[in-house]
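See below for the structure under consideration.
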Amino acid sequence: MDDSTHARPPNAVPPSLARVAFHAVAAGLTPLIPVPFLDDYALRQVREQSVRDQLKDKGLKAPDKAVAVLAGSYEARGLGGRLVSYLKAVALFPVRKVFRKVFFVLWVKDCVDLTSVCLHHGYLLHHALERGDLDAASLQGDAPRKVQAAIVAACSEMDARPINQALRRLFRGSRVLMAEATRAFLDPKRGGARVPDPKDERAEVRSLTDRLLQEMWDERGYFTALEAHYDKHLKRGPMPEQPRAATGT
């Protein structure tokens, strides 16, 4: 039986969605940064850049506050949010550092969870922009918060296990992740960060992105359902309390 009909046709994924996948992979690799707070900072930068790039594709430029809201980083930027984040990082860093050296699976889980969240949110932001839910005028008002609330609510209703299983397969075969785990096991006394090879890491991110795009094509029914949940919540309006995004594995 010819299975060519099941293959992803050339150029099936628009460049803007390919960038969503790229930023999701980049976000997923931030747990490999061994410096407290720097990994969180890098994650926030990647997520906000993803938002800016998508808006730029539509000829839009949003205020920093709107970008932070759509990236899910606005609340954390407040003094209270930063304090909680810092205290949590200080408390958990020694534990995470020790256990990651022993259990490679924890590194994979961190990468999968962050990639999954950023992929879901980035995909739905792409969908929102395609629908015209955000424009130059509405970005100045409360629309970003409403869109973000609908994105979070939609993600909370989806069983992300099919996507997370695919992501787990991707990251288990990641050369960058394996190299960091090997360094940790073979040189446990070395506390500093590894020296990355920019050329190799760029190639690795591109490779993971291409594989992720194929997985997205294979799971296009899942993403269609995700869009429907978003549409429903945006029409309904924000709930009194926003549910948290699903990251379950």
Side-chain angles (χ1 to χ4, degrees), residues 3 6-9 11-32 39 43-44 46-47 49-51 53-54 70-73 104-131 147-178 204-234 242-249:
D3 60 359
H6 299 287
R8 178 168 63 91
N11 303 319
V13 178
S16 54
L17 200 53
R19 282 190 285 276
V20 169
F22 173 83
H23 282 111
V25 169
L29 292 175
T30 57
L32 300 185
D39 54 348
L43 175 62
R44 186 171 67 248
V46 169
R47 294 191 67 172
Q49 188 60 49
S50 178
V51 171
D53 285 353
Q54 290 204 59
L70 291 169
S73 57
F104 175 68
V105 69
L106 293 183
W107 252 332
V108 173
K109 185 180 186 304
D110 277 357
C111 293
V112 167
D113 286 348
L114 287 179
T115 302
S116 181
V117 169
C118 294
L119 179 64
H120 282 75
H121 283 235
Y123 182 92
L124 284 179
L125 177 59
H126 178 272
H127 175 63
L129 289 169
E130 290 295 309
R131 278 171 40 102
V147 167
Q148 175 67 4
I151 289 174
V152 172
C155 291
S156 71
E157 292 182 342
M158 296 293 293
D159 182 355
R161 282 177 294 183
I163 301 303
N164 291 352
Q165 288 169 3
L167 292 174
R168 196 175 297 112
R169 291 193 297 270
L170 262 60
F171 281 106
R172 280 176 177 167
S174 167
R175 291 183 292 111
V176 170
L177 194 55
M178 287 297 297
E204 174 72 353
V205 172
R206 284 196 298 268
S207 175
L208 289 171
T209 299
D210 289 342
R211 291 161 61 193
L212 176 54
L213 287 171
Q214 181 62 57
E215 294 289 352
M216 291 175 69
W217 176 255
D218 293 341
E219 296 289 345
R220 54 195 179 277
Y222 173 93
F223 287 99
T224 299
L226 183 65
E227 293 174 4
H229 282 283
Y230 165 83
D231 297 348
K232 174 188 67 177
H233 282 288
L234 188 67
Q242 295 182 15
R244 298 181 64 184
T247 60
T249 56

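Model, not experiment: these values are computed from the prediction.
Looking at residues two or more places apart in sequence or on another chain, you find a salt bridge (charged side-chain N to carboxylate O under 4.0 Å, His left out) between Arg169 and Glu215. Judged as a salt bridge (charged side-chain N to carboxylate O under 4.0 Å, His left out), and not counting sequence neighbours, Arg211 has no contacts. The ring-ring contact (aromatic ring centres under 6.0 Å, His included) search around His127 returns Tyr230, not counting sequence neighbours. Considering only residues two or more places apart in sequence or on other chains, Glu130 meets the salt bridge (charged side-chain N to carboxylate O under 4.0 Å, His left out) condition with Lys58. Every ring-ring contact (aromatic ring centres under 6.0 Å, His included) that Tyr123 has, sequence neighbours left out, goes to Phe223.
Using a 3.5 Å distance cut-off with no hydrogens or angles, the side chains of Asp210 and Gln214 do not pair a donor with an acceptor.
In plain terms, the two heavy atoms of Ala18 and Thr209 that are nearest each other are O-CG2, 3.9 Å. Scanning all heavy atoms of the two residues, the minimum distance from Thr115 to Gly28 falls at OG1-CA, 3.1 Å. Considering all non-hydrogen atoms of both residues, Leu124 and Cys155 come closest at CD1-SG, 4.0 Å. The minimum heavy-atom distance between Val147 and Ala128, with the atom names listed, is CG1-CB, 4.0 Å. Ala21 and Leu213 make their closest contact through CB-CD2, 3.7 Å (heavy atoms, listed as atom of the first residue, atom of the second, distance). Nearest approach of Met158 to Ala225, heavy atoms of both residues: CE-CB, 4.1 Å.
Looking at Thr224, its side chain does come within 3.5 Å of a backbone N or O of Arg220 through a donor-acceptor pair. His23 contributes a side-chain N or O that, together with a main-chain N or O of Arg19, makes up a donor-acceptor pair within less than 3.5 Å.
Looking at Leu114 and Pro31, their side chains come closer than 4.5 Å, going by heavy atoms from C-beta outward.
Taking 4.0 Å as the cut-off between side-chain N and carboxylate O, Lys109 and Asp113 count as a salt-bridged pair.
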- Item | side chain to side chain contact (heavy atoms under 4.5 Å, CB included) between Gln54 and Leu70, intermediate numbers included | CA-CA 11 Å; Gln54 290 204 59; Leu70 291 169; over 6 Å; no

Could you check His121 against Val152 for side chain to side chain contact (heavy atoms under 4.5 Å, CB included), going step by step and ending with a plain yes or no?
CA-CA 8 Å; His121 283 235; Val152 172; 3.7 Å; yes

- Task: Take Phe22 and Leu212 through the test side chain to side chain contact (heavy atoms under 4.5 Å, CB included) and record every step on the way to the result.
- Result: CA-CA 9 Å; Phe22 173 83; Leu212 176 54; over 6 Å; no

message = Between Leu17 and Val20, is the side chain to side chain contact (heavy atoms under 4.5 Å, CB included) condition met? List the steps.
response = CA-CA 5 Å; Leu17 200 53; Val20 169; 4.1 Å; yes

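One distance of note links CG of Leu125 with CD of Gln148; it measures 8.5 Å at 0.5 Å rounding. Separation of atoms NE2 (His126) and CG (Leu129) is listed at 8.0 Å; rounding is to 0.5 Å. Here the straight-line distance linking atom CG of Leu43 with atom OG of Ser73 works out to 9.0 Å at 0.5 Å rounding. Between atom CG of residue Leu29 and atom CG of residue Asp39 there is a gap of 12.5 Å, rounded to the nearest 0.5 Å. Rounding to the nearest 0.5 Å places OG of Ser116 at 10.0 Å from CZ of Arg168.
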